[in-house]
Amino acid sequence: GAVVSQHPSWVICKSGTSVKIECRSLDFQATTMFWYRQFPKQSLMLMATSNEGSKATYEQGVEKDKFLINHASLTLSTLTVTSAHPEDSSFYICSTPGQGGSYTFGSGTRLTVV
Amino acid sequence: GNSVTQMEGPVTLSEEAFLTINCTYTATGYPSLFWYVQYPGEGLQLLLKATKADDKGSNKGFEATYRKETTSFHLEKGSVQVSDSAVYFCALSVAGTGRRALTFGSGTRLQVQP
């Protein structure tokens, strides 16, 4: 079946630095990628939707200059958390629509900002 | 808008007990309904889904029936195992002019004791 490879699976960074998270679709083309954030013991909240070759659409309250999304090819979408702060510590997960109304999720990235 | 309401957890059961996790929804349009499971330290996995009224999704002993009249999609399992301990998310998507992201409930943590 469809697989989305997400890296890194976890990262610890210093406050003020930037972190890039990659999601690659393996053996299929992902024209759309959804990016979610999950705080501890909470649900997944949609942050933004990226479409290959166009600008991402951000949900209300999500800073587009802080969470940079690039979807330059049909197999790679990236999320860069710029100037990360401790409140950005969270679990980030990508997802792409598949065949028959299904969705394929990456395995997630646990970001800890110290 | 779209929303999903799940019963709050944690739900603690003994092995072989009967499980019900309630889920109700509101949607603009005709939604597809999903249950996802998240095991500790892992990403989301599709457990089951239903795309139209009265459909029953089932997998690994779990089942849920799409009830349009009560806007519900309750998850049930007749006999839980310790290995079922995880967080369960009810979700919906509504197809429109483009593929839409999933809207998730808050998640219900299930703890099964031996």
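Reminder, nothing fancy here: chain letters follow the sequence lines and each chain counts from 1. Given the structure is predicted, the values throughout are model-derived calculations rather than measurements.
Tracing side-chain contacts under 4.5 Å through hydrophobic residues (I, L, V, M, F, W, Y), one reaches A/V62 starting from A/V113; they form part of the same cluster. Follow the hydrophobic side-chain contacts under 4.5 Å out from A/M45 and you never reach A/M47; the two are in separate clusters. Clustering ILVMFWY residues whenever any of their side-chain heavy atoms sit less than 4.5 angstrom apart, transitively, puts B/I21 in the very cluster that holds B/Y25. Linking Ile, Leu, Val, Met, Phe, Trp and Tyr residues whenever their side-chain heavy atoms come within less than 4.5 Å leaves A/L76 and A/V3 in two separate clusters.
Side-chain atoms of A/S43 come within 3.5 Å of backbone N or O of B/G105 as a donor-acceptor pair.
Both the backbone and the side chain of B/F104 come within less than 4.5 Å of a heavy atom in chain A. Interface residue A/L46: only side-chain heavy atoms are found under 4.5 Å from chain B. For chain A, no part of B/Q45 is nearby; none of its heavy atoms comes within less than 4.5 Å. No part of A/Q6 comes within reach of chain B, as not one of its non-hydrogen atoms sits under 4.5 angstrom from that chain.
B/L44 places none of its side-chain heavy atoms less than 4.5 Å from the side chain of A/Y36. With a 4.5 Å cut-off on side-chain heavy atoms, B/Q38 and A/F91 count as touching.
In the displayed structure, B/M7 atom CE is contacted under 6.0 Å by more than 12 heavy atoms of other residues, nucleotides or ligands. The environment of NZ in A/K66 is crowded: more than 12 heavy-atom neighbours from other residues, nucleotides or ligands sit within 6.0 Å. More than 12 heavy-atom neighbours from other residues, nucleotides or ligands sit within 6.0 angstrom of CD on A/E87.
In plain terms, the two heavy atoms of B/F89 and A/Q38 that are nearest each other are CZ-NE2, 3.3 Å.
For the atom pair OH of B/Y36 and CZ of A/F105, the computed distance is 4.5 Å after rounding to the nearest 0.5 Å.
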